[in-house]
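Below, all heavy atoms of this structure are taken into account, side chains as well, without hydrogens, waters or symmetry copies.
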Amino acid sequence: MERTALAPRVDRRTVAALISRLRSANGQADPRPVYAKLLALGPVVPAPWGGYLANSYEACDEVLRRSRQWLTPDTAWRNRQENAAERWNNPSSVEWSRSLPGLNPPEHTQQRSVPAGYFGRTALEALQEPIERITERLLDRLEEELAHGEADFATLVSERLPVSVIGHWLGLPPEDYDELIVLTHDQALPQELVPTKSQLAQADRSAIRLVEYIADVVRARREQPGDDAVSDWLRMWDSIEPDREQADRNVHHLAKFVVMAALETTSSVLSTVIWLLDQNPEQRAWLRAHPQDVPSAVEECLRYDAPVHVHGRIAAEDTELAGVPVARGEMVHVMIGAAHHDPAQYPDPGTFDIHRGGSHLAFGGGIHYCLGAPLARMEAAVLVRAVLRRFPTLRVTAPPTWVSPRAAFRYLASLPVAVR
């Protein structure tokens with residue numbers, strides 16, 4: 001495709017410097033200045049390593065929701081990246097491409113249609129009581145720690161709630177939760193904009209271990225079915241897939257995806273919403289008096305600081321994005337964090353406003369819209385209501401610690417709190 005686009009006018013070294021800042025500890029603590037500079041460069045700019053960054057809300061929305069011209073980087077695409085085989089064909093990346101986010105139609109259509117009902121209203125209603133019960137138990141533990149002074153909300157509550165809910169749903173033993181938290185955080189590393197060799201090696205080790213763990217779970221449920229989601233998925237796949245081994249593989253990929261997606265992203269949302277409400281005490285006070293508005297606060301948290309700031313998409317055909325030609329097979333990094341702070345879409349985007357309303361891209365869009373979005377929203381709403389009720393004077397005592405180098409998946413490692 002002939003290159004007569006606007007994008008080459010942007011110096012790739014300028015973009016590289018901004019991405020470097022974004023991945024740093026300071027950039028993770030507050031990425032908004034970086035996003036403002038990226039937006040000022042243009043809606044679509046060249047990525048230093050090839051492909052493009054989509055910065056504006058309109059461009060990101062076009063890729064994720066309004067156009068069918070974009071594919072996820074599946075196994076076939078990864079196999080063609082001979083010059084970056086270490087980046088795209090390492091074990092952890094390959095495993096990611098076998099899960100729902102890494103599939104394109106028709107494989108994605110089949111894999112997603114079968115379990116969709118298990119993420120619907122009926123399933124969520126069944127999980128409401130366990131989520132509330134688990135939340136109260138975790139807050140009991142937090143209260144015990146706060147009696148002695150400061151406590152870490154992230155490790156005591158935010159990390160434990162998602163794994164406890166998923167563990168309850170899939171029938172996993174609580175003694176495995178600590179390991180699962182580590183393994184799932186590592187699985188996000190290959191999806192980073194610029195993963196380091198050490199990050200990829202760490203992700204590979206965890207990917208192999210997680211595959212072994214989920215295989216053992218599926219094998220155990222095959223031998224002795226129970227009253228859990230994995231057993232239900234096996235029965236469901238057995239009814240439509242005559243090949244028993246293929247049915248087991250389908251359940252394996254689904255269970256692994258659920259564990260990875262639910263733990264990594266939801267834990268970030270849970271800590272972030274507590275942090276943002278602490279930084280906006282008037283809005284926190286409003287929610288204490290108007291708990292019915294908690295879901296709106298969760299949505300603004302997802303807009304202000306989504307758990308995933310970058311998605312990768314591939315052009316299915318030669319096309320244009322915001323006037324920039326993109327060739328078939330080229331990658332566009334959808335910069336959700338920048339899009340959510342685009343003043344063309346959100347007035348005063350740097351202000352956290354629980355009454356803002358409107359839509360966001362935190363859960364993606366189109367055929368890859370996050371299946372677990374309703375569950376994440378429910379967990380966050382239940383937690384916020386419980387914290388406001390039980391700890392009216394809870395305050396964050398120091399800025400949270402964000403793990404770096406990262407840019408795509410936000411990882412809030414610590415959130416010190418105390419009761420004043």
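Proximity of a side-chain donor or acceptor of Arg395 to a complementary backbone N or O of Asp278 within less than 3.5 Å is not detected. A donor-acceptor pair under 3.5 Å is formed between the side chain of Thr184 and the backbone N or O of Ile181. Looking at Asn55, its side chain never comes within 3.5 Å of a backbone N or O of Ala338 through a donor-acceptor pair. Ser267 places a side-chain N or O within donor-acceptor distance of the main-chain N or O of Glu264, the cut-off being under 3.5 Å. In terms of modelled atom types and a separation under 3.5 Å, the side chain of Arg66 and the main chain of Glu58 share a donor-acceptor contact. At least one donor-acceptor pair under 3.5 Å links the side chain of Asn89 to the backbone N or O of Arg78. At distances below 3.5 Å, at least one donor-acceptor pair connects side-chain atoms of Thr265 with backbone N or O atoms of Ala261. Between the side chain of Gln283 and the main chain of Phe352, a donor-acceptor pair closer than 3.5 Å is present. With hydrogens and angles ignored, the 3.5 Å screen pairs no side-chain donor or acceptor of Ser231 with any backbone N or O of Asp227. Proximity of a side-chain donor or acceptor of Asp74 to a complementary backbone N or O of Trp77 within less than 3.5 Å is detected.
For Arg219 and Glu223, the salt-bridge test fails: no basic side-chain N is under 4.0 Å from an acidic carboxylate O. With respect to Arg356 and Glu299, no salt bridge is recorded, no charged nitrogen being found less than 4.0 Å from a carboxylate O. Of the charged side-chain nitrogens involved, at least one lies within less than 4.0 Å of a carboxylate oxygen, so that Arg160 and Asp178 count as a salt-bridged pair. Taking the charged nitrogens against the carboxylate oxygens, Arg23 and Glu192 have no contact shorter than 4.0 Å, which rules out a salt bridge.
Scanning all heavy atoms of the two residues, the minimum distance from Ala407 to Val310 falls at O-CG2, 4.0 Å. The two atoms that bring Arg221 and Leu170 nearest to each other are NH2-O, 2.9 Å, heavy atoms only. The heavy-atom pair separating Ala255 from Ile214 by the smallest distance is CB-CG2, 4.0 Å. Scanning both residues, Ala29 and Trp402, for their nearest heavy atoms gives CA-CD1, 3.5 Å.
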Starting from the C-alpha separation in whole Å, work towards a yes-or-no answer on side-chain contact (heavy atoms from CB on, under 4.5 Å) for Leu38 and Leu53. CA-CA 9 Å; Leu38 283 174; Leu53 306 180; 4.3 Å; yes
Test log, rule salt bridge (Lys or Arg N to Asp or Glu O under 4.0 Å), inputs Arg235 and Asp232: CA-CA 5 Å; Arg235 287 187 283 265; Asp232 288 343; 2.5 Å; yes
Take Arg21 and Lys37 through the test side-chain contact (heavy atoms from CB on, under 4.5 Å) and record every step on the way to the result. CA-CA 11 Å; Arg21 286 177 54 189; Lys37 291 183 179 296; 3.5 Å; yes
Please test Tyr304 against His341 for ring pair (Phe, Tyr, Trp, His ring centres under 6.0 Å), starting from the C-alpha separation and ending with a verdict. CA-CA 7 Å; Tyr304 190 90; His341 288 271; 5.3 Å; yes
What do the steps show when you test Glu145 against Asp152 for side-chain contact (heavy atoms from CB on, under 4.5 Å), and what is the final call? CA-CA 9 Å; Glu145 291 295 318; Asp152 188 347; over 6 Å; no
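A distance of 10.0 Å separates CD in Glu62 from OG in Ser56, rounded to the nearest 0.5 Å. One finds the CD atom of Gln187 at 10.5 Å from the CZ atom of Phe409 (value rounded to the nearest 0.5 Å). Within the model, atoms SG of Cys301 and CD1 of Ile274 stand 9.0 Å from one another, a figure rounded to the nearest 0.5 Å. The structure places CG of Leu180 at 7.0 Å from CG of Leu263, a figure rounded to the nearest 0.5 Å. We find the CG-SG distance between Leu321 and Cys60 to be 8.5 Å, quoted to the nearest 0.5 Å. Rounding to the nearest 0.5 angstrom, the gap separating the CH2 atom in Trp96 from the CG atom in Asn90 is 13.0 Å.
A ring-centre distance under 6.0 Å is found for His309 and Tyr35. The distance between the ring centers of His368 and His108 falls below 6.0 angstrom. Separation of the Trp70 and His311 ring centroids does not fall under the 6.0 Å cut-off. Two rings, from Trp233 and Trp169, have their centers less than 6.0 Å apart.
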Identify each donor-acceptor pair in which a side-chain atom of residues 383-394 lies under 3.5 Å from a protein atom, sequence neighbours left out, and give them as a table.
residue: Arg385; atom: NE; partner: Pro291; partner atom: O; Å: 3.4
residue: Arg389; atom: NH2; partner: Glu136; partner atom: OE2; Å: 2.5
residue: Arg390; atom: NH1; partner: Glu136; partner atom: O; Å: 3.2
residue: Arg390; atom: NH1; partner: Glu136; partner atom: OE1; Å: 2.8
residue: Arg390; atom: NH1; partner: Asp140; partner atom: OD1; Å: 3.0
residue: Arg390; atom: NH2; partner: Asp140; partner atom: OD1; Å: 2.7
residue: Arg390; atom: NH2; partner: Glu143; partner atom: OE1; Å: 2.9
residue: Thr393; atom: OG1; partner: Arg420; partner atom: O; Å: 3.0

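In this structure, the side chains of Ser206 and His185 stay at 4.5 Å or more apart for every pair of heavy atoms. Ser92 places a side-chain heavy atom less than 4.5 Å from the side chain of Pro190. Leu103 places none of its side-chain heavy atoms less than 4.5 Å from the side chain of Thr72.
By the 6.0 Å contact criterion, CD on Gln292 is enclosed, its count of non-hydrogen atoms from other residues, nucleotides or ligands being greater than 12. The environment of Glu212 atom CD is dense: over 12 non-hydrogen atoms of other residues, nucleotides or ligands sit within 6.0 angstrom. The environment of Gln224 atom CD is sparse: at most 12 non-hydrogen atoms of other residues, nucleotides or ligands sit within 6.0 angstrom.
Checking Ser97 against Thr75 by side-chain atom types alone, a donor-acceptor pair falls below 3.5 Å. When only modelled atom types and interatomic distance are considered, Gln28 and Arg406 share no side-chain donor-acceptor pair under 3.5 Å. No hydrogens or angles considered: nothing links the side chains of Gln69 and Thr319 as a donor-acceptor pair under 3.5 Å.
Cation-pi check for Arg303 over Tyr346 is met; the charged atom lies under 6.0 angstrom from the ring centroid and within 45 degrees of its normal.
A parallel orientation is assigned to the rings of His290 and Trp286, their planes being inclined by less than 30° (bins at 30° and 60°).
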